[in-house]
There are 2 protein chains.
Amino acid sequence: MQSIKVSVDAVVFGYDPEEGVSVLLITRKYEPFQKFWALPGGLVKDEESLEAAVKRELKEEAGIDVTYLEQLYTFGKPERDPRNRVVSVAYYGLVRPKDYHISAQTDADDVAWFNIKKLPRLAFDHKNIVEIAIKRLRGKIAYEPIGFELLDKKFPFSDLEKLYQVLLDRDVDRRNFKKKIMSYGFLEELPESIQRSAGRPAKLFQFNKKKYFELQERGYNFDLFI
Amino acid sequence: MQSIKVSVDAVVFGYDPEEGVSVLLITRKYEPFQKFWALPGGLVKDEESLEAAVKRELKEEAGIDVTYLEQLYTFGKPERDPRNRVVSVAYYGLVRPKDYHISAQTDADDVAWFNIKKLPRLAFDHKNIVEIAIKRLRGKIAYEPIGFELLDKKFPFSDLEKLYQVLLDRDVDRRNFKKKIMSYGFLEELPESIQRSAGRPAKLFQFNKKKYFELQERGYNFDLFI
DNA sequence: GTAATTTCGTGTATAGATTACACAAACCCA
DNA sequence: TGGGTTTGTGTAATCTATACACGAAATTAC
């Protein structure tokens, strides 16, 4: 009789143009790894899907709804949990600034955002999981337009540009970047503008999912390689 | 108390220049889906890793050793197995012609290779898993040189070219393809030749893993986009 | 209120990469 | 020895990616 448990873990990313990319972590209340920072997650219930389990845990543990969620990898080494055999299906998710900031304010000391460049020690093999998630996110934004899910629905183009710079960790030429992204035709320029500091006001843009799916169905290829 | 079972399934690909790309299937001995074709796989033992479980099952059920094995995706919908809740971690693997042909000969009617264009009805959600694996393999060969794992260690260049044509399902220009592949420097031309039919003998080539890792460590990027 | 500062917005020229394309060489077979 | 088959090779044209700088529109500082 098999006695393996199945859990889910979530690497949730948030973004702020000032602070960069962050990951949501919680502190563990119980042994093993009591008081360590860890990824939100937990055992899957007998009648719920894996994705439902992730969403439930995120709601319970951090009060968060993700706008994007995708399976990352399944970690199953027998020794990864010192007590039981636990196979964990890891997911990664993205939240918009709204959710990112709300959870950042709840001064509960058991939920917090950590910049991906300044991660604390993590429980279990969670460091490994986060690293793999970061790699995947970096790779993914290069060929699928998921970066938008980390921004407000309407955003100035410079936010997107900065996001790519932060994630890819290098300079991105403003003109070439905009030329490329706009050439795909799934970003709409709105008649509105905003101004968040000194400088010329920025026009707002918005991702058009419908147009994106149309293009995708025509077999379009989105090398966003910058 | 959780009562979810953990299994593994394997989508093993084999290749032959004459027959194209095939998948290894077995017939189920028991209900549910008795006598249906299905992916090799089974429950993970309490003390074995996921990858070890895949390799064990492939050995037991088909007598095969894969030369390449990678996790594909984890399937966990509650209704995917009509009896129990089973979460299945799917892998995909590649075998060389040697293994492909040996298993093709064992006339056991419970193990067989099926061309990916002529698949039979499959048990459970295995059709879905195979489709995802094919997509992944197609994508993967475009940016990592794993195609070699489906060929003999020494192979004529035309074999590689044909493999790409079959997998990508379109023509590939011989000169441009060779130019591109050779430019990466991880393929060596050997002083030997072979001749498998009429026509000019073909020089043999061989993948140099060491050189590949060296290049990879220097941050090299292998867009094999053809 | 004028000058300095900040951020947004835009186009062209060059280099690099991809694609299209055809014929000779080396073997087998009849 | 001539016809059939497969391998092997280079160049020109097109497309894509990159490099690069200055004016416009607002705020801030004096």
Side-chain angles (χ1 to χ4, degrees), chain A residues 16-19 141-143 145 151-152 154-166 168-185 187-206 215 219-226, chain B residues 16-19 141-143 145 151-152 154-166 168-185 187-206 215 219-226:
Chain A
D16 181 285
E18 306 294 315
E19 298 160 42
I141 59 158
Y143 63 93
L151 304 177
D152 288 318
K154 300 174 180 185
F155 57 88
F157 212 89
S158 56
D159 273 15
L160 190 64
E161 190 197 322
K162 265 180 219 148
L163 172 61
Y164 273 76
Q165 306 220 26
V166 170
L168 302 178
D169 200 23
R170 61 186 168 85
D171 275 13
V172 167
D173 182 88
R174 188 148 27 117
R175 281 172 289 191
N176 294 338
F177 180 70
K178 188 169 181 185
K179 208 186 306 170
K180 180 131 200 189
I181 298 284
M182 295 310 287
S183 75
Y184 293 118
L187 261 199
E188 309 179 313
E189 184 171 339
L190 301 171
E192 314 160 52
S193 295
I194 54 156
Q195 193 175 359
R196 278 192 304 212
S197 61
R200 178 173 173 171
K203 296 224 177 88
L204 288 174
F205 290 78
Q206 145 179 297
L215 292 167
Y220 225 88
N221 211 4
F222 298 100
D223 291 355
L224 299 179
F225 288 113
I226 310 304
Chain B
D16 181 285
E18 306 294 315
E19 300 160 40
I141 58 157
Y143 62 93
L151 304 178
D152 288 318
K154 298 175 181 186
F155 57 88
F157 212 89
S158 57
D159 274 14
L160 190 64
E161 190 197 322
K162 265 180 218 148
L163 172 61
Y164 272 77
Q165 306 218 30
V166 171
L168 302 177
D169 200 24
R170 61 186 168 84
D171 274 14
V172 167
D173 182 89
R174 189 150 25 119
R175 280 172 291 190
N176 294 337
F177 180 71
K178 187 169 181 186
K179 208 188 306 170
K180 180 131 200 190
I181 298 284
M182 293 312 285
S183 74
Y184 293 117
L187 261 199
E188 310 178 314
E189 185 172 338
L190 300 172
E192 315 160 49
S193 295
I194 54 155
Q195 193 176 359
R196 280 192 303 212
S197 62
R200 179 173 173 168
K203 295 225 176 89
L204 288 174
F205 290 77
Q206 147 178 295
L215 292 167
Y220 224 87
N221 211 6
F222 298 99
D223 291 355
L224 300 180
F225 287 113
I226 309 305

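Lettering of chains follows the sequences in order, A, B, ..., and the numbering in each one begins at 1. All values reported here derive from a predicted model rather than from experimental measurement. Values below: all heavy atoms of this structure, side chains included; hydrogens, waters and symmetry mates excluded.
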Student: Any chance you could measure N176(B), atom CG, to I181(B), atom CD1, to the nearest 0.5 Å?
Tutor: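 The CD1 atom of I181(B) is 11.5 Å from CG of N176(B), to the nearest 0.5 Å.
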Student: Report the distance from atom CZ of R170(B) to atom P of dT18(C), rounded to the nearest whole Å.
Tutor: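 Checked: the CZ to P distance equals 13 Å.
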Student: Starting at atom CG of L160(B), determine the distance to atom C1' of dG8(D), rounded to an integer number of angstrom.
Tutor: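 From L160(B) CG to dG8(D) C1': 16 Å.
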Student: Which letter, B, S or -, goes with each nucleotide of nucleotides 20-30 of chain C from 5' to 3', with contact meaning a protein heavy atom under 4.0 Å?
Tutor: BBB--BBBS--
Student: In whole angstroms, how far is the P atom of dG9(C) from the NZ atom of K180(A)?
Tutor: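 After rounding, the reported distance stands at 21 Å.
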Student: Nearest-Å distance, CD (E192(A)) to C1' (dC8(C))?
Tutor: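 Between C1' of dC8(C) and CD of E192(A): 17 Å.
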Student: How many Å lie between CD1 on I181(A) and P on dG9(C), as a whole number?
Tutor: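 It works out to 15 Å between those atoms.
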Student: State which residues pass side chain to side chain donor-acceptor pair (under 3.5 Å) with E188(A); sequence neighbours excluded, sorted by chain then number.
Tutor: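 Result, side chain to side chain donor-acceptor pair (under 3.5 Å) vs E188(A): Q206(A), N208(A).
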Student: Any non-hydrogen side-chain atom of K203(B) less than 4.5 Å from a side-chain atom of L190(B)?
Tutor: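 The answer is no; the side chains never approach within 4.5 Å.
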Student: May I ask you to test the P156(A)-L204(A) pair for a side-chain heavy-atom distance under 4.5 Å?
Tutor: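 The answer is yes, as the side chains (C-beta and beyond) meet within the 4.5 Å cut-off.
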Student: Can a side chain N or O of K178(A) be found less than 4.0 Å away from OP1 or OP2 on dT10(C)?
Tutor: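 Indeed, a polar side-chain atom of K178(A) lies that close.
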Student: Take the protein atom CG of L168(B) and the nucleotide atom P of dT19(C), then report the distance between them rounded to whole Å.
Tutor: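 My rounded result for the distance is 12 Å.
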Student: Specify whether F177(A) and Y164(A) have parallel, tilted or perpendicular ring planes, treating 30° as the upper limit for parallel and 60° as the lower limit for perpendicular.
Tutor: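 Taking Y164(A) first and then F177(A), their aromatic rings sit tilted (interplane angle of 30° to 60°).
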Student: Taking side chain as C-beta onward, heavy atoms only, is D159(B) less than 4.5 Å from R196(B)?
Tutor: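 Yes, close enough: below the 4.5 Å cut-off.
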Student: Between S158(A) and dT7(C), is there a side-chain N or O to OP1/OP2 distance below 4.0 Å?
Tutor: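 For S158(A), the contact criterion (side-chain N or O under 4.0 Å from OP1 or OP2 of dT7(C)) is not met.
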Student: Got a second to check how far R175(B)'s CZ is from D173(B)'s CG, nearest 0.5 Å?
Tutor: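 It comes to 6.0 Å.
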Student: Are there any protein N/O atoms within less than 3.5 Å of an N/O atom in nucleotides 1-3 of chain C, and if so, which ones and at what distance?
Tutor:
none

Student: With rounding to the nearest 0.5 Å, note down the distance linking CD in Q165(B) to CZ in R174(B).
Tutor: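 Interatomic distance, Q165(B) CD to R174(B) CZ, rounded to 0.5 Å: 9.5 Å.
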Student: Provide, to the nearest angstrom, the distance between the CZ atom belonging to F177(B) and the C1' atom belonging to dT7(D).
Tutor: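 For the pair F177(B) CZ and dT7(D) C1', the rounded distance is 15 Å.
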Student: Does the side chain of F205(B) come within less than 4.5 Å of L160(B)'s, by heavy atoms?
Tutor: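 Counting from C-beta outward, L160(B) and F205(B) never come under 4.5 Å.
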Student: Just how far, in rounded Å, is C1' of dT9(D) from CD of E161(B)?
Tutor: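 Taking atom C1' of dT9(D) as the reference, CD of E161(B) is at 13 Å.
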